There are 2 protein chains.
Amino acid sequence: MTDQDQALGRQKAKAPTIFDVAKQAGVSIKTVSRVVNAEINVRESTREKVVAAINDLNYRPNTAARVLSGKRFYVIGLIYENPNEFSYVQKVLNGALKACEAGGYTLLLLPLTLPNPDLIQDVRRFVSQSRLDGVVLPAPIGDFISIQRLLTDLDIPFARISPRMPLADELSIHCNDEQASFDVTQFLIDQGHQGLGFIKGDPIHAATAHRFEGYLRALKANSIEYHGEYVQDGQFSFESGRSATRALLDLRSPPSAIIASNDDMAAGTIFEARERGLRIPEDLSVVGFDDTPIASRIWPPLTTVRQPIVEMAEALTGLLIQKLRGDPDDSAERSFACHVVTRASTGPRLIN
Amino acid sequence: MTDQDQALGRQKAKAPTIFDVAKQAGVSIKTVSRVVNAEINVRESTREKVVAAINDLNYRPNTAARVLSGKRFYVIGLIYENPNEFSYVQKVLNGALKACEAGGYTLLLLPLTLPNPDLIQDVRRFVSQSRLDGVVLPAPIGDFISIQRLLTDLDIPFARISPRMPLADELSIHCNDEQASFDVTQFLIDQGHQGLGFIKGDPIHAATAHRFEGYLRALKANSIEYHGEYVQDGQFSFESGRSATRALLDLRSPPSAIIASNDDMAAGTIFEARERGLRIPEDLSVVGFDDTPIASRIWPPLTTVRQPIVEMAEALTGLLIQKLRGDPDDSAERSFACHVVTRASTGPRLIN
DNA sequence: TCTGCATCTGACAACGCTGTCATTATTCCA
DNA sequence: TGGAATAATGACAGCGTTGTCAGATGCAGA
């Protein structure tokens, strides 16, 4: 509350409206509206007057009135799987929130628990009840055809993070999982490892395939023979990492390094290895993916691959907002690089 | 809308308005409004007609119009510290989201990075720009006097989770940290431990003091002498847990069990113990607090204390919504119980 | 049956903005 | 320099709801 308010008897400060700005700038409300919405056909000198008045009064357009009057809602939805390990979603959330704030949009959340028989109904209710302009779909939600179709039918633009299969002319963003996987595999090979175990992730995630391909490419590039038994399926869960590791370590000649397709599974690998009394990294090198909080909190801390998820989500949400605004596509960078974070869970292969 | 739609007369289904309902029920829009808002002075027979029409048309009031017209916004804000370890916030988020959905409110997020010199300005902007009716403040944000004062000045009701010091007549909810800490300490004593190390949390959290008090009470109840050097300060971080553990294990006669005030610090304890070649739980029992994802992902999995945060946040948000609605206070349960989750990081004291 | 009061109901003006369309100012070219 | 084309601006009607206040209705008691 300002001094002025107090002088006026401490009325609860009523927010200034478009009329106040128009009056102060000496123009019509429509012109103010034009300036606020960055429309064309406003003389530069007029614009300046209006902007000055806006700043002077600290005017913010009333969202409810905009919504009621126009056909836009200034709301973006984020539909995500609500997992136990939340760090991916947290990052997406932070990035999307940042872009929304910058763009004057509001972010609404729909956490989904999978599997969900009422998936489509839930999404439909969310979208129509919350009156969304657009939707951000992180993996793996973005790969649900039924959701894509629903949003297309409702004519609601969406943008996807790391989609399995980018659609023509769609908004999406990804990081180079394949290359990252190649890099981390090469890193292990450089340390002298030849027996390289690999634990795949949940096939529902596109990253699962990409990471596996990077592994294969690295083997090939180094002329290392591919052994099918060195590759195990997992579901990105701690437990699945454990049992996959069990299988790998039970092999006649077990690998000297294991690449798990995410940190949770890598934690499972370490867990299982310790149960067997193996030393890490002396007896077994382990790497994960994603650099989740657990990676730096287990013993030994995990060598892993970090994706710039926050930045990716922010960029993608920004692109979506641009599209909603009808701005020209500024063709921002849509591919981000991952990089290997080296910690103590990996080491050179010891010849015994 | 496509040309085809127009040709077919398939207008994009416009949502029914209060006028449509009024017409179908044969009453005025004001009466419909009364029914929708559960106001008094509507004849039962009239109400039934209106309700039937509402259901028939599947009418939902337009939030923007309500907001524009009335003085309520149907929006609740959640202001939280945006930490690395997100599981607490995740749970709060899930609970608040659930209550908001049930109550027809929208939840808006304000993540805060601490320390933040512009804290108050950020909060003020959030609150006024987003036009909030009420705010949920999880720990430790709820204990910032400046935020409390701001909200009080702006006349915006707030509700706090686990406040250090409940204010008279405020909405808050907590779980019995002191008792939980007593229980887990007693659990260790029952296993034969006498030398009980304790790592305090960040003093900014009220839980820190409560947990310490429970520890003290358990010592007293079992006539175990209190040793000041067995108590170390921490900040709830993995690193602080490590260094506190270092100090404890460097003691002439180190404790046989360590109680860390959260899981992250307990992870630090385990990390440090392993670096020294100690076996857990044979050489050292470790317990944490909060049952975060890491608790079940480290080796060995952590005995810890689980708080029903989701339920607490849901209940509290529900209470806040009730208050905003002007409903009578139904005096729902405001105190929740924690319980010990026993895993492999604790065991009986081995006499050597 | 009528009066007076409590109970219901409805007409209509906000709320603050954007879309439409009319009007006015400016620019450009013959 | 005039006239057409174009750019800039403004008047005003909604958008769907709630608040206000006036008016209608119902009911008890005389």
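Labels below follow one simple rule: chain letters A, B, ... track the order of the sequence lines, proteins then strands, and each chain is numbered from 1. The shown structure was predicted, so the numbers you read here are calculated from the model rather than taken from an experiment.
Contact check, A/Thr31 against D/dT9: no side-chain N or O comes under 4.0 Å of OP1 or OP2. A sub-4.0 Å separation between OP1 or OP2 of C/dC17 and a side-chain N or O of A/Tyr59 is present.
Ring orientation note: the planes of B/Phe86 and B/Tyr80 are nearly perpendicular, at an angle over 60° on the 30°/60° scale.
Here the straight-line distance linking atom NZ of B/Lys91 with atom CD of B/Glu311 works out to 9.5 Å at 0.5 Å rounding. Between A/Leu97 atom CG and A/Thr106 atom OG1 the span is 10.0 Å, to the nearest 0.5 Å. The NZ atom of B/Lys23 sits 15.0 Å away from the OG atom of B/Ser28 when rounded to the nearest 0.5 Å.
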Quiz item: So B/Phe144 and B/Leu114, side-chain contact (heavy atoms from CB on, under 4.5 Å) or not? Walk me through it.
Solution: CA-CA 12 Å; B/Phe144 281 71; B/Leu114 300 179; 3.8 Å; yes
Quiz prompt | Chi angles and distances behind the side-chain contact (heavy atoms from CB on, under 4.5 Å) call for B/Ile76, B/Leu108 | solution = CA-CA 6 Å; B/Ile76 285 178; B/Leu108 258 37; over 6 Å; no
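Residue A/Gln24 qualifies as enclosed at atom CD: its count of foreign heavy atoms under 6.0 Å is above 12.
In this entry the distance linking CZ of B/Arg131 with C1' of C/dC17 reads 11 Å, nearest Å. Summarising the geometry, the separation between CZ on B/Phe73 and P on D/dT17 is reported as 18 Å, rounded to the nearest angstrom. For A/Leu68 and D/dG14, the CG to P distance is 14 Å, given to the nearest whole Å. Computed from coordinates, the B/Asn62 CG to C/dG16 C1' distance equals 14 Å when rounded to whole Å. The distance between atom CD of A/Glu48 and atom P of D/dA8, rounded to the nearest whole Å, is 14 Å.
Of the residues in residues 17-30 of chain A, those with a non-hydrogen atom less than 4.0 angstrom from any atom of DNA chain C are A/Thr17, A/Ile18, A/Ile29, A/Lys30. The stretch residues 32-46 of chain A touches DNA chain C through A/Ser33, A/Asn37, A/Arg43, each having a heavy atom within less than 4.0 Å of the strand.
In this structure, the side chains of A/Arg160 and A/Asp143 come closer than 4.5 Å at one or more pairs of heavy atoms. Contact check for B/Pro157 versus B/Leu171: no side-chain heavy atoms found under the 4.5 Å cut-off.
B/Ser69 contributes no side-chain N or O that forms a donor-acceptor pair with the base of C/dC15 under 3.5 Å.
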